Amino acid sequence: MQYRIDKKSGKELSVLGFGCMRFARGISGKIDLQKAEKLIVSAIESGVNYFDTAYIYSGSEEIVGEILHKNKLREKIFLATKLPFSKCKVYEDFERLFQEQLSRLQTDYIDYYLIHNLPTTALWQGLCTLGIEKWIAEKKASGQIKNIGYSFHGAQDQFLALLDLYDWDFCQIQYNYMNEHYQAGTAGLLAANKKGLPVIIMEPLLGGKLATGLPKKAEQKFRETDGKYSNAAWGFRWLWNQPQVSVVLSGMNSEEQLLDNVKVAQEAVPDMLVPQELAAYERVQEIFREAYKIPCTGCNYCMPCPKGVNIPASFAAYNASYANDFVTGMMQYMTSTAINHKNHNSSGHNCIKCGACEQKCPQHIPIIASLEKVTKRMEPFWVRGIIAIANKVMR
Ligand code: SF4
Ligand code: SF4
């Protein structure tokens with residue numbers, strides 16, 4: 001495992017961090033404790049020392065806390081979690097939520113604490129009015145928070161302005177080879193680094209699309225350039241090539257993924273890419289842009305929809321109809337949204353344009369307009385007929 005120094009705290013952080021949002025779940029929807037435990041223990045044995053969770057990742061804080069406590073691993077790692085600031089209406093809410101998190105995580109301090117998905121300076125100023133700066137100062141003085149930062153999915157100008165509004169210890173941004181100019185982007189990474197902040201990277205594989213959803217032509221380009229790396233490895237290497245990147249979070253949920261990630265993390269040194277590899281990324285970027293129409297990462301933040309529309313599944317199928325082929329996309333659409341097992345059709349045409357989903361989307365996707373496009377392509381009249389018959393038969 002390679003490590004990079006957090007210049008602010010002097011700590012050595014593993015270049016590969018464990019993102020705890022996408023643990024495997026059982027049929028009941030609960031996180032599979034045994035699988036999660038095996039993975040977390042293996043990751044730590046492989047040198048991973050940065051774990052990232054959040055209040056709103058259903059069941060994640062509790063599971064992480066239980067596993068670390070049971071295996072006596074808390075002191076071996078740096079633990080990051082996030083404040084759900086939208087739940088803070090009065091000063092006391094900061095402490096109430098924080099204490100709940102400490103209890104869930106079975107710890108009495110957090111190494112890296114983030115304001116979760118802070119999108120604008122106006123919202124930060126609102127939190128300042130509630131007294132968040134005083135609260136942070138108290139927590140840091142008591143040692144309950146070691147480092148304070150914010151995670152970000154907004155527009156670049158807001159990211160840059162937020163950097164200057166407070167004496168942050170670190171930040172977390174969405175970044176990958178398809179997002180150089182999106183959200184904080186490369187400019188945000190460089191600006192944060194200039195201020196001496198370690199930068200934690202989320203969505204390094206764009207919700208898995210750069211691993212399992214790459215168009216075939218893009219995969220071919222990577223394979224012919226260097227066949228020994230997986231698609232995910234190509235995604236990570238692009239990030240680790242940049243010295244300004246500190247930790248790359250990976251939402252690992254299988255032993256195979258962990259092994260693959262760890263293998264590349266062992267050789268993750270800055271400026272390791274050769275010109276031929278850099279050229280391959282450029283070609284893959286072109287292919288990807290042509291194929292992917294809706295930049296949905298499948299995070300599910302927009303769900304549930306009051307009309308039962310499965311928004312991320314609709315977008316995934318639509319994208320697959322371009323990135324792979326129409327039949328693959330249609331099969332995916334039929335099985336994941338249009339025809340389902342609860343006698344309820346969750347496809348896009350059920351959308352009543354209430355707008356509840358749009359404000360929750362960290363990718364700022366115009367969901368209503370995008371669903372219209374999806375419905376037009378994926379639900380022509382003959383498909384509606386098939387859906388109606390299939391759903392009748394299944395009732
Ligand atoms: S706008 Fe449509 S998809 Fe979004 S929450 Fe409302 S009904 Fe659901
Ligand atoms: S539409 Fe937005 S909020 Fe919903 S899953 Fe996709 S990226 Fe996430």
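Values in this document were obtained by computation on a predicted structure and should not be read as measured data. Read the numbers this way: they start at 1 and go in the same order the structure lists the ligands and their atoms. Each residue takes its place number in the sequence, starting with 1.
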When K146, K76, K11, R74 are each screened for salt bridge (charged side-chain N to carboxylate O under 4.0 Å, His left out) with D111, the one that passes is R74
Note: ligand 1 atoms sitting under 4.0 Å from heavy atoms of I352 are 2 (Fe), 7 (S)
Quick note on ligand 1: atoms under 4.0 Å from a heavy atom of I368 include exactly 1 (S)
*Would C351 count as a contact for atom 4 (Fe) of ligand 1, in the sense that one of its N, O or S atoms lies under 2.8 Å from it?*
no
Note: ligand 1 atoms sitting under 4.0 Å from heavy atoms of L371 are 3 (S)
So, E61 and T81: side-chain donor and acceptor under 3.5 Å apart, yes or no?
-> yes
For P306, the atoms of ligand 1 under 4.0 Å from one of its heavy atoms are 5 (S)
Can you tell me if C354 has an N, O or S atom under 2.8 Å away from atom 6 (Fe) of ligand 1? yes
Ligand 2 atoms nearer than 4.0 angstrom to some heavy atom of Q363 are 7 (S)
For this session: May I ask you to test the E138-K134 pair for a side-chain heavy-atom distance under 4.5 Å?
Result: yes
Q. Has K8 got more than 12 heavy atoms of other residues, nucleotides or ligands less than 6.0 Å from its NZ?
A. yes
Point to revise | Same apolar cluster: M330 and Y292, side chain cutoff 4.5 Å | key: no
ask   = Is there a donor-acceptor contact under 3.5 Å from the side chain of N241 to the main chain of M272?
value = yes
